[in-house]
Amino acid sequence: MTDDRLVIAGREFKSRLWVGTGKYKDFVETQKAIEASGADVVTVAVRRVNITDRSKDNLLDYIDPKKYTILPNTAGCYTVEDAVRYSRLARAAGVSDLVKLEVLGDERTLFPDTAGLIEAAKILIKEGFIVLPYTNDDPIVAKKLVDIGCPAVMPLAAPIGSGLGIRNPYNLKIIMETVKVPIIVDAGVGTASDAALAMEYGADAVLMNTAIAGAQDPLAMAEAMKYAVHAGRLAYKAGRIPRKLYATASSPIEGML
Amino acid sequence: MSETIQIHANGEARSLRRGTTVADLLRDLEIKTERVAVELNLEILDRAAFDRQVLNDGDRVEILGFIGGGSL
């Protein structure tokens, strides 16, 4: 599968597993988990620099932007204004024009405010951003996002950090058939089988954070996710057998006594 | 004219020598200029302007960088 590259807005990615950098014990664990996951896209949040305690390390001292694609996100933004402001700050901080755009609707579910998302995406695309929108598992919204110029869409599997797995596989299927851009399933994955399923359904990549960082052994889970995404992708490309209600013998009858 | 000015940096009040530039402030705070963004009174400041942008009394400076976060 060496030629099975993921291409978004002309950029080529080796890994179909993308990871977040939150909730780890420390930067060393973050670095090791990312390494174990094999991910080449790493998402980061934008926040105030701690100016009172400068002894604190910088995340990017541990995650080399030359080795990884750094994907800034607008996590924590609940309004169009904030999401646009944080995106501009991320670009000004000098990593790239990429942004994982989140406009959240409510603190309890962290579901996207899809009306706000479309509005913010329009503004940012006009300013030359490559907008990867974190969206609901809603095929109509996914189509609108693509129509306004998003080069990929990132529908959720389940609420962020919930670990519920894919709650609506049929909607994800419809999104995959509706839009002709890469689909990155983002948020809600709990364990390896969830990631494998997403890929078997035909997702182009999976992005996760809590499933790895929150596991009892994050490094082992990172490795499990690497294999799950790879296995799921291979199975999707291989083409599964149809489901049947009754048995079909796999050994020939001929030659029996 | 007073020798010092009062500004807010990341929400904290600070006294600075009059004539301090954004680059001076970052140097004093031991912040490397690469990979941070600076907002001055809600306007993003171009990195190339850090050296020549002199801070004024009452300015509000925000210095932001990247931290760990996924989908929060």
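Just so it is clear: chains get the letters A, B, ... in the order the sequence lines come, proteins before strands, and each one is counted from 1.
- Proximity to chain A involves both the backbone and the side chain of B:Arg35, based on heavy atoms less than 4.5 angstrom apart.
- Put simply, the side chain of A:Leu156 reaches to within 4.5 Å of the side chain of A:Tyr134, judged on heavy atoms.
- Distance alone, capped at 3.5 Å, is enough to place a donor-acceptor pair between the A:Asn73 side chain and the A:Val44 backbone.
- Applying the side-chain hydrogen bond (donor to acceptor under 3.5 Å, both in side chains) test to every pair with at least one member in residues 5-16 of chain B, sequence neighbours left out, gives these pairs: B:Gln6-B:Ser15.
- In this structure, the portions of A:Ala90 lying under 4.5 Å from any heavy atom of chain B include both its backbone and its side chain.
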Considering only distance and modelled atom types, tabulate donor-acceptor pairs under 3.5 Å from the side chains of residues 59-67 of chain B, sequence neighbours left out.
residue	atom	partner	partner atom	Å
B:Asp59	OD1	B:Asn41	ND2	3.0
B:Asp59	OD2	B:Asn56	N	2.7
B:Glu62	OE1	A:Arg48	NE	2.7
B:Glu62	OE1	A:Arg48	NH2	3.3
B:Glu62	OE2	A:Arg48	NH2	2.8

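- Ranked by heavy-atom pairs shorter than 4.5 Å toward chain B, the options A:Ile63, A:Leu89, A:Leu59 are led by A:Leu89.
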